[in-house]
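A quick write-up on the structure given underneath.
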Amino acid sequence: MSFTAPIQLPGLTLDPQWYRRSVFYEVMVRSFVDSNGDGAGDLQGLIGKLDYLQWLGIDALWLPPFYNSPLKDGGYDVSDFRSILPEFGTLDEFKDLVTKAHERNMRIVIDYPLNHTSDQHDWFQQSRSDPTGPFGDYYVWRDNDEEYANIRIIFVDTEESNWTFDSVRRQFFFHRFFSHQPDLNFENAGVREAVFDTVRYWMDLGVDGIRLDAIPYLFESEAGNGEGEPETHDFIKELREMVDRNYPGRILIAEANQWPREVAAFFGTDEEPECHMAFDFPVMPRIFYALRSQHAGELISVLSETLDIPKGAGWGVFLRNHDELTLEMVSEEYRQAMYGWYAYDPRMRSNIGIRRRLAPLLDNSRAELELVHALLFSLPGSPFLYYGDEIGMGDNIWLPDRDSSRTPMQWTPDRNAGFSTADPGKLFLPVVQSLVYHYNLINVESQLAQSRSLLHWVRNVIHVRKAHPTFGLGEITVLPTSHESVLAFVRSYAGSGTQFGDSPENVLCVFSFAHNPVSATIDLADFAGSSTWDLFGGAEFPTVSEEGVLTVTLGTQSFYWLHLGTPSGVGGRP
Ligand code: NOJ
Ligand code: CA
């Protein structure tokens, strides 16, 4: 495979706000490429595909945990935070990955499950056997299981309590997730220092950012619900202060699956910042809701909610990731509707969510795949793609838990989808061989060979987005429209660096969730008389009327990105 040279955007390399203009890609090392034929993906395999990712337009990779681990929770059960799981490679190979990514102007963000460890971690082994020793207080031990009754259970499919009795120490330990994942005791100064040391360790190795896994749950209290307690925010502020001081330009990303205001709290304030980015959990399920309900209202209200976030803070928007599509932060009525539409087979459910990949969720509808990607790439924040979704990979709901959507990447129609040369029976998970998503049909090689494939479409939309800084840096104004299925907003950026020169850039984004063609009027009072130009092909569209109204007709589940104003040169393709 050969790929064309990347587009160099001015200022990206040194831009301290690089993360706001970046397109991120979540890549599970184990699932991507197996370089040594042992049946599991590894760092060397990933290094070999950096050219592909660069060609696609990816600016930053997010690597879920690759540390030593019994792998009972996809690696989020860490037994040594400073090591590389031997199956994945060596520390030298990790350093090589960082170097080779940086050579391609691509950043590396790692994942740090700081809230808990595996029960195989040496700290826990020592803590349970030596209560008065140096690690005796590293976990949350109690004589009974009565404390923190207000704290919800997250893994409702497998856990009955947040407390588990340990037969060695003869006490209960606290855990927010699996009972093999004891929570660290953040009241203990040694734990807090160890977390700082781990962050320094990886930043010294050159990583550009850290996803703070399960960040709301660090501290517990009897009065609160153990999610975003004040002590947790104080701790993150200190961590941010250390990172800004010692590693300027590196970022912290909050994984906080909470209601909008609570998620936004993880950005901190201008004076006391916390994370640079936070995943936009509130927006994600509402995108799927809009698709099936044909109503834009839920999205409009969440996007119109004004959340006071610090300058420079950025949302991480996503459609899918390695977890279930979580429905924890929606109302019961809404959740039932989502289950009815997207998880009609009980096997598709997991905890409080849906364990399916993007393409099967959307019934492999090309129109819907394009519509949701267009939304993803134009909403405020930086888009996070999940590996394989760029080719519309399928899932396997017969596999347990979230393995359903962690199957090997499909590169070619050859053995094991080109993922591995191993005996097929040896693969860590089987490749998808379902009727619609079989790797014979859905793979990178064949999509590269078809100019109208989803892969080429996604690559093109990424490059159009990257040519317009307003998507990463601009404000959003949600606009009234005459049709309940239509969402319209303007992204506005007053800065420079656009292909339209130094003048402000305003892009009108219109999406129709209707299952039939519709016509709608959009209230564009601030842009009365403006011309409109399609960002993809550069064609001129109707002018906004002198009264500030634009009438658009939209095909079934379609969208427009329109430049507002009179550009000196147009055309989306950079
Ligand atoms: C959040 C991660 O995304 C998920 O995969 C994991 O199971 C939990 N944290 C527990 O670490
Ligand atoms: Ca391997």
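All ligand and atom numbering here is 1-based and tracks the order in the structure. On a predicted model such as this, the values are computed, not experimentally measured, just so you know.
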Please list the nearest protein heavy atom to [atom] with its residue and the distance rounded to 0.1 Å.
| atom | result |
| --- | --- |
| atom 10 (C) of ligand 1 | D73 OD2, 3.4 Å |
| atom 5 (O) of ligand 1 | D323 OD1, 2.6 Å |
| atom 2 (C) of ligand 1 | D213 OD1, 3.2 Å |

Please calculate the O(A40)-the Ca ion (ligand 2)-OD1(N36) angle and round it to 10 degrees.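 Rounded to 10°, it measures 150°.
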Is it the case that [X] places NZ or CZ above or below the six-membered ring of [Y], under 6.0 angstrom from the centre and within 45 degrees of the axis?
| X | Y | answer |
| --- | --- | --- |
| R107 | W18 | yes |
| R349 | Y339 | yes |
| K49 | W411 | yes |

With heavy-atom distances below 4.0 Å as the criterion, list the atoms of ligand 1 near [X].
| X | result |
| --- | --- |
| R402 | 4 (C), 5 (O), 6 (C), 7 (O) |
| H116 | 10 (C), 11 (O) |
| E255 | 1 (C), 3 (O) |
| H322 | 2 (C), 3 (O), 4 (C), 5 (O) |

Taking the basic N atoms (NZ, or NE/NH1/NH2) and the acidic carboxylate oxygens, is any pair closer than 4.0 Å for [X] and [Y]?
| X | Y | value |
| --- | --- | --- |
| R152 | E227 | yes |
| D96 | K100 | yes |
| R261 | E305 | yes |

For N/O/S atoms only: which one belongs to [X] and is nearest the Ca ion (ligand 2)?
| X | answer |
| --- | --- |
| D42 | OD2 |
| D38 | OD1 |
| D34 | OD1 |

R211 near ligand 1 by a heavy-atom separation under 4.0 Å: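 Within the 4.0 Å threshold, so yes.
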Does at least one non-hydrogen atom of F155 fall below 4.0 angstrom from an atom of ligand 1?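 The answer is yes: ligand 1 sits under 4.0 Å from a heavy atom of F155.
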Distance from I215 atom CD1 to L239 atom CG, nearest 0.5 Å?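 Output value for this atom pair is 7.5 Å.
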Does S420 bring an N, O or S atom to under 3.0 Å of the Ca ion (ligand 2)?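 No N, O or S atom of S420 is closer than 3.0 Å to the Ca ion (ligand 2), so no.
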Kindly confirm whether the Ca ion (ligand 2) is within less than 3.0 Å of some N/O/S atom in G39?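 G39 does not place any N, O or S atom closer than 3.0 Å to the Ca ion (ligand 2).
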Just to verify, which of R357, R355, R356, R402 counts as forming a salt bridge (charged side-chain N to carboxylate O under 4.0 Å, His left out) with D323?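 Among R357, R355, R356, R402, the one meeting salt bridge (charged side-chain N to carboxylate O under 4.0 Å, His left out) with D323 is R402.
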Parallel, tilted or perpendicular: ring planes of Y139 versus F124, cut at 30 and 60 degrees: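 Y139 and F124: perpendicular rings.
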Determine the sole option in H322, H180, H116 for which the ring pair (Phe, Tyr, Trp, His ring centres under 6.0 Å) test with Y76 is passed.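 Running ring pair (Phe, Tyr, Trp, His ring centres under 6.0 Å) over H322, H180, H116 with Y76 returns exactly one hit, H322.
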